[in-house]
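Just below is one structure, and these are the notes that go with it.
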Amino acid sequence: MNKASKLLKPLKQKSARELLAVNVRMHRARLGMTKEELANVAGIDRGYIGQIESEARSVSVNIIDRLALGLQVSVAQLFIDHGKDSDAT
């Protein structure tokens, strides 16, 4: 492998679903909220929160808005890549 091809190596990028899952868990933990508490504040079923956090569910923009409000963050903050160490469960 030459020097140029090493520099052009594609970066592994997390999916939007993965970023959302990690950030919902992280912000929920930061607030000391249970899934049920977040569900009540955001008007979402607790099981749906679990599916979002386990990356098993795609979500609408409306749900993302409600999660952001419930977690007291901007929508953009739900999609920030904090690196490997941000996965608070």
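- Residues Tyr48 and Ile63 come closest through the heavy atom pair CE2-CG2, 3.6 Å.
- Shown here for Leu19 and Phe79, the closest heavy-atom pair between the two residues is CD1-O, 3.4 Å.
- Partners of Gln77 under the side chain to side chain donor-acceptor pair (under 3.5 Å) rule, at least two apart in sequence or in another chain, are Ser74.
- Qualifying side chain to side chain donor-acceptor pair (under 3.5 Å) partners for Arg17, counting only residues two or more places apart in sequence or in other chains: Ser58.
- Atom CG in Leu38 sits 4.0 Å away from atom CD1 in Ile49 (nearest 0.5 Å).
- The side-chain contact (heavy atoms from CB on, under 4.5 Å) with Val75 is formed by just one residue from the set Leu69, Leu67, Val61, Asp65; it is Asp65.
- Using modelled atom types, one side-chain atom of Asn23 and one backbone atom of Ile80 make a donor-acceptor pair closer than 3.5 Å.
- Checking side-chain atoms of Arg28 against main-chain N and O of Glu37 turns up no donor-acceptor pair under 3.5 Å.
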Determine, stepwise, if the pair Glu36 / Asp45 fulfils side chain to side chain contact (heavy atoms under 4.5 Å, CB included). CA-CA 8 Å; Glu36 187 165 357; Asp45 185 79; over 6 Å; no
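- Here the closest heavy-atom approach between residue Glu53 and residue Ala21 is recorded as O-CB, 3.5 Å.
- Val59 and Val41 fall within a single hydrophobic cluster, where Ile, Leu, Val, Met, Phe, Trp and Tyr side chains are chained together by heavy-atom contacts under 4.5 Å.
- Of the inter-residue distances, the one linking Asp81 atom CG with Lys14 atom NZ reads 4.0 Å to the nearest 0.5 angstrom.
- Summarising the geometry of Leu78 relative to Leu71, their closest heavy-atom pair is CD2-CD1, 3.9 Å, with the distance given to 0.1 Å.
- Side-chain contact between Leu31 and Gln72 is present, with at least one heavy-atom pair separated by less than 4.5 Å.
- Under the side chain to side chain donor-acceptor pair (under 3.5 Å) criterion, Gln51 pairs with Arg57, sequence neighbours left out.
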